[in-house]
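Protein chains get the first letters and strands the later ones, always in sequence-line order, with residue 1 at the start of each. Being a predicted model, the structure only gives us computed values, none of them experimental.
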Number of protein chains: 2
Amino acid sequence: MANNKLYKGSLSTIILKLLEENDRMYGYEITQKVKELTAGELIITEGALYPALHKLEGDGYLTVEYQLVNNRQRKYYALTPDGKKEKAAKMEELERFVQQMQFLLHPKKSIDG
Amino acid sequence: MANNKLYKGSLSTIILKLLEENDRMYGYEITQKVKELTAGELIITEGALYPALHKLEGDGYLTVEYQLVNNRQRKYYALTPDGKKEKAAKMEELERFVQQMQFLLHPKKSIDG
DNA sequence: TAAACATACATAAAATCCTTAGGTATACCT
DNA sequence: AGGTATACCTAAGGATTTTATGTATGTTTA
């Protein structure tokens, strides 16, 4: 990903979450969706995305379906039952991360402050 | 750091922020402070911490002072003026990161919701 | 109609940051 | 004497990302 090094480690969480919301997506679509949702601030590079998708698939969290649209091959990914569990676990981990960062970086404020 | 892979990239931000609050700290103290603030959930490993401190020093963001306490050598680090600027920039980056994660992961909720 | 841009996939080398594993040394407690 | 805490350090390896490059098709623009 470009611009922000903090995203390291959160890419698979983002992918899993987007797939839960959209049922099925293909790689290029994911990059565009992330760009759209963050108003162009977050760019997922393909060199990061495709290996991440392949790993999630290899781990049994995603299924793949090929579809030809406008004479272009798309690979649609969808969550498996294990993928849904993994998504929930990753989300919890991320919430803990954000909370711990609050403790560290805003120690005098309350969590919602 | 142990336990949570999401911290990748945020270690230097944590160090800079803690140094701003405590004026000067030594390495071991930082590991203990982080453990304390996160109720033992976040452990900064020394293999991550010391190289990070050396890099921040090399980049001109930290000064070093040696002090002998109880016959043990401590290296006290403090922010330089550039370090304070860097700390502010890193904090902004982190705030943006958290906000972008909200956009991505809680798209139907408001930011404080 | 050629060039540029967008769509859509992919890999490989290099960089980055971290974990794991070790090393040195002193102080304290049992 | 051995274990734990304090206090510093580095090096090998792993995981993830950036950067660079490749293939191919469709659409827009000069």
Side-chain angles (χ1 to χ4, degrees), chain A residues 1-16 24-36 40 42-59 61-62 64-77 86 90 93-94 97 100, chain B residues 1-16 24-36 40-59 61-62 64-77 90 93-94 97 100:
Chain A
M1 292 194 232
N3 310 328
N4 199 323
K5 289 167 185 173
L6 292 166
Y7 295 88
K8 287 202 176 193
S10 58
L11 178 55
S12 61
T13 311
I14 292 170
I15 293 171
L16 292 170
R24 64 173 213 162
M25 300 180 84
Y26 56 99
Y28 187 77
E29 186 184 9
I30 292 175
T31 67
Q32 300 307 302
K33 190 74 181 171
V34 168
K35 203 189 287 185
E36 177 201 322
L42 179 53
I43 306 299
I44 295 184
T45 61
E46 295 177 315
L49 177 71
Y50 290 114
L53 284 170
H54 300 161
K55 182 169 191 311
L56 288 170
E57 186 197 348
D59 289 343
Y61 300 138
L62 303 184
V64 183
E65 252 183 293
Y66 289 88
Q67 194 173 330
L68 200 66
V69 178
N70 293 329
N71 206 31
R72 285 203 199 85
Q73 194 67 248
R74 289 181 183 169
K75 276 180 81 174
Y76 276 97
Y77 290 93
E86 180 69 2
K90 286 274 192 185
E93 206 179 307
L94 182 61
F97 164 70
Q100 289 175 357
Chain B
M1 294 191 230
N3 309 327
N4 199 324
K5 288 166 186 175
L6 292 167
Y7 295 90
K8 286 204 175 190
S10 59
L11 178 56
S12 60
T13 310
I14 293 170
I15 293 171
L16 292 171
R24 63 173 214 163
M25 300 180 85
Y26 56 99
Y28 188 76
E29 187 185 7
I30 292 175
T31 66
Q32 299 307 303
K33 190 74 181 172
V34 167
K35 204 189 287 186
E36 176 201 322
E41 281 195 48
L42 178 53
I43 306 299
I44 295 185
T45 61
E46 296 179 317
L49 177 71
Y50 289 114
L53 285 170
H54 300 160
K55 182 167 193 312
L56 288 170
E57 186 198 347
D59 289 344
Y61 300 139
L62 303 184
V64 182
E65 252 184 294
Y66 288 88
Q67 195 173 331
L68 200 67
V69 179
N70 293 329
N71 206 32
R72 286 201 199 86
Q73 194 67 249
R74 289 182 185 169
K75 275 180 81 174
Y76 276 97
Y77 291 92
K90 286 275 193 184
E93 206 179 307
L94 183 62
F97 163 70
Q100 289 175 358

Asker: For A/Ile44 and D/dT16, what is the distance between atoms CD1 and P respectively, to the nearest whole Å?
Answerer: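 A/Ile44 atom CD1 is separated from D/dT16 atom P by 15 Å.
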Asker: In whole Å, I'd like the distance from the OH atom of B/Tyr50 to the P atom of C/dT20.
Answerer: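 Answer to the nearest Å: 18 Å.
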Asker: Does any part of the side chain of A/Tyr66, heavy atoms only, come nearer than 4.5 Å to the side chain of A/Lys75, both counted from C-beta?
Answerer: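 Yes, at least one pair of side-chain atoms sits under 4.5 Å.
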Asker: Quick one: CD on B/Gln32 to CE on B/Met25, what's the gap to the nearest 0.5 Å?
Answerer: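 Atom-to-atom, B/Gln32:CD and B/Met25:CE are 10.0 Å apart.
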Asker: Say you draw a straight line from CG of B/Leu53 to CD1 of B/Ile30; how long is it, rounded to the nearest 0.5 Å?
Answerer: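 Between atom CG of B/Leu53 and atom CD1 of B/Ile30 there are 5.0 Å.
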Asker: Tell me which nucleotide among C/dC17, D/dT17, C/dT7 gets nearest to the side chain of A/Gln32.
Answerer: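 Per side-chain heavy atoms of A/Gln32, the pick is C/dT7.
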Asker: Name all residues meeting the salt bridge (charged side-chain N to carboxylate O under 4.0 Å, His left out) criterion together with B/Lys33; count only those two or more places apart in sequence or in a different chain, and write none if there are none.
Answerer: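 Partners of B/Lys33 under the salt bridge (charged side-chain N to carboxylate O under 4.0 Å, His left out) test: B/Glu36.
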Asker: For DNA chain D, whose closest nucleotide is more 5', that of B/His54 or that of A/Ala52?
Answerer: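 Of the two residues, B/His54 wins.
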Asker: Among C/dC17, D/dC8, D/dT16, which is the nearest nucleotide to the side chain of B/Arg74?
Answerer: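 Of all the options, the side chain of B/Arg74 is nearest to D/dC8.
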Asker: Report the distance from atom CD of A/Gln67 to atom P of C/dC9, rounded to the nearest whole Å.
Answerer: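 The distance from CD of A/Gln67 to P of C/dC9 comes to 12 Å, rounded to the nearest Å.
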Asker: Expressed as a whole number of angstroms, how long is the span from A/Lys55:NZ to C/dA10:P?
Answerer: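 Rounded to the whole Å, the gap is 17 Å.
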Asker: How many whole angstroms separate atom CD of A/Glu29 from atom P of C/dA6?
Answerer: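 From A/Glu29 CD to C/dA6 P: 18 Å.
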Asker: OH of A/Tyr26 versus P of C/dT7: gap in Å, rounded?
Answerer: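 Value for this atom pair: 8 Å.
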Asker: Report the distance from atom CG of B/Leu42 to atom C1' of C/dC18, rounded to the nearest whole Å.
Answerer: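 In whole Å, C/dC18 C1' lies 13 Å from B/Leu42 CG.
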Asker: To the nearest Å, give me how far apart CE (B/Met25) and P (D/dC8) are.
Answerer: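 Going from CE in B/Met25 over to P in D/dC8 covers 11 Å.
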Asker: For the residue pair B/Tyr77 and B/Val64, establish whether any side-chain heavy-atom pair is separated by less than 4.5 Å.
Answerer: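 Yes, their side chains come closer than 4.5 Å.
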Asker: Do nucleotides 21-29 of chain C as a string where each nucleotide becomes B, S or -: B if the base has a protein heavy atom under 4.0 Å, S if just the sugar-phosphate does, - if no protein is that close.
Answerer: -----BB--
Asker: Would you give the length of the straight line joining atom CD1 of B/Ile44 to atom CD1 of B/Ile15, rounded to the nearest 0.5 angstrom?
Answerer: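 The CD1 atom of B/Ile15 is 6.5 Å from CD1 of B/Ile44, to the nearest 0.5 Å.
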Asker: Please identify each residue that fulfils ring pair (Phe, Tyr, Trp, His ring centres under 6.0 Å) with A/Tyr28, with sequence neighbours left out.
Answerer: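 A/Tyr28: no ring pair (Phe, Tyr, Trp, His ring centres under 6.0 Å) contacts found.
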